[in-house]
Each structure stands twice: as C-alpha cells, then as structure tokens.
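Here's the structure we're looking at; comments come further down.
Throughout, protein chains are lettered first and strands after them, A, B, ... in sequence-line order, and every chain is numbered starting at 1. Since the structure is predicted, the reported quantities are computational estimates derived from the model, not experimental observations.
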Protein chains: 2
Amino acid sequence: MSAQRKDAVDAIIDQWAAVRPDLDTRAMEVFGRVYRLSRAMGDRVEKVYAPYGISRGEFDVLATLRRAGEPYTLSPRLLSSTLMLTTGGMTGRLDKLERAALLRRSPDPHDRRGLQVTLTEKGLAVIDEAVGAGLAAQTAALSALDDEQAGQLADLLRTLLAGTQDSAH
Amino acid sequence: MSAQRKDAVDAIIDQWAAVRPDLDTRAMEVFGRVYRLSRAMGDRVEKVYAPYGISRGEFDVLATLRRAGEPYTLSPRLLSSTLMLTTGGMTGRLDKLERAALLRRSPDPHDRRGLQVTLTEKGLAVIDEAVGAGLAAQTAALSALDDEQAGQLADLLRTLLAGTQDSAH
DNA sequence: GGAAAGTAGCTTAGGAGTAAGCTACTTTCC
DNA sequence: GGAAAGTAGCTTACTCCTAAGCTACTTTCC
C-alpha cells in the first residue's frame with residue numbers, strides 16, 4: 001500500500017475486512033483495479049473514436065485490417081477469432097462498417113464458402129487518424145507514471161497475463 | 001520488455017511498428033494488457049459464479065449489500081450509482097435477483113419515492129460462498145507473481161487509476 | 001469418386017445494457 | 001403554503017452481443 005492515498009478499491013477492501021475478516025482480499029488489490037482501469041479507459045477511448053463515427057469494436061476491426069498491411073484484406077473468420085467474437089457478432093460489425101463504406105466484402109477467389117474483407121480508401125484514412133488519437137489518449141493517461149514505472153507495470157502485466165492464459169482451458 | 005517471451009500484445013505492437021513506424025505505441029504495452037486481463041479474468045470469474053446461479057453483475061449487487069453490513073439494506077439509487085449502472089439496468093438486475101429470492105424490495109419508510117433493497121437469508125448465504133470462490137480464482141491467477149511483485153503491481157495500478165479519475169469530467 | 005466430416009458466413013431468438021421519458025413524491029424558496 | 005425544481009424508480013425503444021441452427025461449400029478418407 002506504501003505511502004499512497006486510499007482509493008475506491010482500498011475502501012472496498014476495508015469494508016470486506018470489517019464484515020468478513022476471514023477473507024484474503026489481496027488479489028482484489030490487483031484485479032479490482034484492473035477492472036476499473038479497463039472500464040475507465042475503455043469509456044474514454046470510446047469517446048475519442050466517436051468523432052470518426054466508429055465504436056471501439058469497430059475500431060478493432062479496422063485496426064486489425066490496417067495492421068495486416070497491404071492490401072488490407074482478411075477473412076471474417078480470421079477477424080472474429082482474432083477479436084474473440086462470435087461469427088454472428090462479426091456479421092453485425094461488418095454490416096455496419098460496410099454501410100459506412102469503411103470496408104467492402106468480396107468473394108474469396110480460393111474458397112467459395114468464404115469472403116474477403118478489405119479496407120476502403122475511406123476506411124484506411126479513418127483508421128490512420130483514429131489510431132493516433134486513441135494512442136494519444138492512452139499516452140496521456142499513462143503519464144501518471146514515469147518511464148521506469150510504466151516499463152515495470154508493462155512487465156508485471158505481461159507475466160500475469162501469461163499465467164492467466166496458460167491455465168485457461 | 002526485459003527477458004520475457006513475447007506475448008500477443010507485443011505481436012500487435014510489432015505489427016504496428018512495421019506498418020506505422022511513426023506511432024508511439026508504448027501506452028499499448030500497459031493498456032492492451034489491462035484490457036485483455038480484465039476480459040480474461042472477468043470470463044473466468046463469471047464461470048466461478050455460475051454454479052450459484054448468478055452473473056458477475058448480480059454478484060456485484062449482492063456483494064455491495066453484503067459489504068454494507070447488517071441489516072444488508074441499501075437503496076436502488078445508491079446501488080446503481082455505486083455500480084455505475086443506469087437506473088434501468090439496475091431495475092433489471094433487481095428483478096432477476098428478487099425472482100431468485102436472493103433479495104427483497106420494500107418501501108423506504110422515510111421517503112415514499114424510494115425503495116429499500118435487502119438481502120434475504122438465501123442471498124446472504126449465496127454471496128458468502130460466492131465471494132470466497134471468486135477470490136480463490138483471482139488469488140490463483142495472481143500466483144504468477146510473488147508477493148513483492150503483486151504489491152508493486154497493486155501500487156502502480158493505484159497510481160495510474162488515480163490519474164485516470166482526476167482528469168475524468 | 002462419393003459419403004462423411006468439417007468449415008464459412010448468415011439468421012434467429014434471447015439477454016443485458018443505455019438513453020430518454022414517464023409518474024410519483026420531496027425539497028426549495030419566495 | 002404553493003409553485004418550481006429536483007429526485008426515485010420504472011418503462012420503452014434500441015444497440016450489440018451470444019448461442020444455436022441453417023445452407024453452402026470444401027476436405028478427408030476409404
């Protein structure tokens with residue numbers, strides 16, 4: 001806890017200590033804050049993307065296509081598994097993005113079951129601007145820590161995340 | 001990055017470096033992992049609560065009432081603001097929990113607009129078991145770190161979260 | 001080369017949240 | 001003490017997701 005002011009998570013832990021002193025709440029110190037941080041930054045980033053007419057989920061689709069490099073083409077199947085989304089959910093996102101002319105669907109020439117999804121000019125322009133704005137918001141939030149602390153935090157999170165994935169089944 | 005194996009977030013950062021070398025992606029090292037960790041642990045904890053017949057959101061309602069101490073009574077208004085939920089969303093959660101007989105709604109004796117929500121015997125028993133099971137799952141995940149690292153991580157997250165709240169408007 | 005198994009994307013039904021608007025009640029303030 | 005403003009909880013319409021099931025096509029394997 002060091003010399004820091006108590007935050008909302010500390011307050012919750014204190015409440016539990018009062019009514020259930022038998023509980024080991026140390027894991028809450030970490031995960032309680034992870035949940036809150038995820039939600040708070042998620043909401044903030046959502047607002048940053050809004051002027052571009054896209055939601056966070058739609059940003060993720062465009063960003064995945066952008067990262068793939070030219071010709072900015074992937075299958076719906078790959079997109080939905082990368083983004084951990086059901087195929088039904090991906091159909092909906094692609095419908096919306098296609099309606100906004102940010103991407104287009106075309107038949108896969110090698111597999112007649114499949115489609116190809118490709119970023120349009122407009123989609124490329126939107127994601128290239130939005131990704132910068134989103135990163136700027138996250139960088140600003142991270143400035144609460146100095147470079148060494150940020151590096152430490154990233155390393156600790158990597159270790160924790162790796163452990164989490166391993167025991168997943 | 002120290003001497004760790006690359007993870008999925010590192011892979012994404014490498015992809016961005018290849019197609020957009022101008023971007024400063026350091027904030028992703030932290031927030032990318034925060035998002036993933038939040039989702040992964042959220043999913044896992046959801047499975048832990050399932051045998052008790054409650055979702056994560058419903059757990060949060062019961063836990064908030066439990067932490068309040070006897071007589072385990074709060075208003076819907078306080079619950080929805082504490083859990084950052086609209087009143088409509090809270091109405092739905094309370095409906096479900098009341099149907100399952102885990103809590104009961106009664107008129108507020110001091111304010112005829114308002115209600116009181118109170119944990120039932122059954123609700124108290126359920127939350128007292130579920131909270132232990134949820135903490136056990138989180139403690140197990142945290143065992144990827146030693147005690148010192150876990151403490152460091154909690155401190156860094158507290159600082160980052162405090163900074164995030166401040167600049168929220 | 002033809003049956004069986006697998007895979008791709010879409011559709012439908014249902015769950016849980018938000019935003020906005022409603023009624024009922026309470027507080028404020030002249 | 002009565003009008004205006006504020007607050008509590010619910011309802012409705014809508015969004016976006018999942019789970020399950022569908023058709024169409026491809027791969028596997030005898």
Side-chain angles (χ1 to χ4, degrees), chain A residues 35-36 38-40 42-47 49-50 53-62 64-65 73-100 102-118, chain B residues 35-36 38-40 42-47 49-50 53-62 64-65 73-100 102-118:
Chain A
Y35 298 142
R36 278 163 184 260
S38 172
R39 170 151 187 183
D43 289 352
R44 189 176 304 192
V45 164
E46 188 90 39
K47 280 180 199 138
Y49 298 148
I54 55 176
S55 70
R56 233 183 128 199
E58 289 150 15
F59 173 92
D60 289 340
V61 173
L62 299 181
T64 305
L65 287 164
T73 298
L74 295 170
S75 67
R77 167 72 16 199
L78 185 67
L79 284 167
S80 57
S81 58
T82 301
L83 300 178
M84 293 189 294
L85 199 66
T86 58
T87 61
M90 185 52 66
T91 296
R93 282 193 196 172
L94 295 177
D95 284 349
K96 237 195 114 200
L97 289 166
E98 191 169 34
R99 246 180 282 130
L102 299 177
L103 55 77
R104 105 187 117 252
R105 279 186 266 211
S106 50
D108 181 333
H110 303 304
D111 186 337
R112 269 192 289 178
R113 291 170 309 179
L115 296 178
Q116 286 181 335
V117 173
T118 304
Chain B
Y35 298 143
R36 279 164 183 259
S38 172
R39 170 150 187 185
D43 289 354
R44 189 175 304 193
V45 163
E46 188 91 37
K47 280 179 199 139
Y49 298 148
I54 56 176
S55 71
R56 232 183 127 199
E58 289 150 15
F59 173 91
D60 289 340
V61 173
L62 299 181
T64 305
L65 287 164
T73 297
L74 295 171
S75 68
R77 168 74 13 200
L78 184 67
L79 284 168
S80 58
S81 58
T82 301
L83 300 178
M84 294 190 294
L85 200 64
T86 58
T87 60
M90 186 52 66
T91 296
R93 281 194 195 172
L94 295 177
D95 284 350
K96 238 195 115 200
L97 288 166
E98 192 168 34
R99 245 181 282 130
L102 300 178
L103 53 78
R104 102 186 121 254
R105 278 185 267 212
S106 50
D108 181 333
H110 304 303
D111 186 337
R112 267 192 292 177
R113 292 170 308 178
L115 295 178
Q116 285 182 335
V117 173
T118 304

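- In this structure, Val117(A) and Leu74(A) have side chains that are not in contact, with every pair of non-hydrogen atoms separated by 4.5 Å or more.
- Within the 4.0 Å cut-off from OP1 or OP2 of dC10(C), at least one side-chain nitrogen or oxygen of Arg105(A) is found.
- Note: CE (Met84(A)) to C1' (dC17(D)) measures 14 Å, nearest angstrom.
- Per the geometry, CD belonging to Gln116(A) stands 10 Å off P belonging to dG9(C), to the nearest Å.
- Residues Tyr49(A) and Leu62(A) have side chains not in contact (no heavy-atom distance under 4.5 Å, counting atoms from C-beta outward).
- If you check dA20(D) for Watson-Crick or wobble pairing at under 3.5 angstrom, you find it paired to dT11(C).
- In this structure, CG of Leu78(B) is placed 10 Å from P of dA8(D), rounded to the nearest angstrom.
- Contact between the side-chain N/O atoms of Lys96(A) and the OP1/OP2 oxygens of dT15(D) is not found at any separation under 4.0 Å.
- You'll find the side chain of Ser75(A) stays beyond 4.5 Å of the side chain of Asp108(A), heavy atoms only.
- A donor-acceptor contact under 3.5 angstrom links the side-chain atoms of Thr87(B) to the base of dC10(D).
- Closest to the side chain of Arg112(A), from the set dT26(D), dC10(C), dG9(D), is dT26(D).
- Remark: Arg39(B) CZ to Glu46(B) CD distance equals 11.5 Å, nearest 0.5 Å.
- Among the protein residues, Gly89(A) comes within range of the nucleic acid bases, having at least one heavy atom under 4.0 Å from a base atom.
- The separation between Glu46(A) atom CD and dT18(C) atom P is 13 Å, rounded to whole Å.
- The distance from atom CG of Asp43(A) to atom C1' of dT18(C) is 12 Å, rounded to the nearest whole Å.
- As judged by a 4.0 angstrom heavy-atom cut-off over every strand, Gly92(A) is placed among residues making no nucleic acid contact.
- Using N1 to N3 plus N6-O4 or O6-N4 for Watson-Crick, or N1-O2 and O6-N3 for G-U wobble, each under 3.5 Å, dT26(C) pairs with dA5(D).
- For Thr91(A), the listed nucleotide lying nearest its side chain is dG9(C); candidates were dG9(C), dT26(C), dT26(D).
- Out of dT18(D), dT26(C), dA8(D), the shortest distance to the side chain of Arg77(B) is found at dA8(D).
- Contact annotation: side chain of Arg113(B) to base of dT7(D), donor-acceptor pair present below 3.5 Å.
- Checking dA16(C), dT26(C), dC17(D) against every side-chain atom of Leu85(A), the shortest atom distance belongs to dC17(D).
- When rounded to the nearest whole Å, the span between CZ of Arg99(A) and P of dC16(D) equals 9 Å.
- Nucleic acid contact for Asp111(A): sugar-phosphate only, since backbone atoms but no base atoms lie under 4.0 Å from a heavy atom of the residue.
- In this structure, CG of Leu94(B) is placed 14 Å from C1' of dG17(C), rounded to the nearest angstrom.
- Across dC25(C), dT18(C), dT18(D), the shortest atom-to-atom separation from the side chain of Thr86(B) is found for dT18(C).
- Rounded to whole Å, atom P of dT7(D) lies 16 Å from atom CG of Asp108(B).
- When heavy atoms are screened at a 4.0 angstrom cut-off, Arg56(A) is found touching no nucleic acid atom at all.
- The shortest non-hydrogen separation linking Val61(B) to Leu83(B) is CG2-CD1, 3.7 Å.
- Judged by distance alone, with hydrogens and angles left aside, the side-chain atoms of Glu98(B) form a donor-acceptor pair with the main-chain N or O of Arg105(B) at under 3.5 Å.
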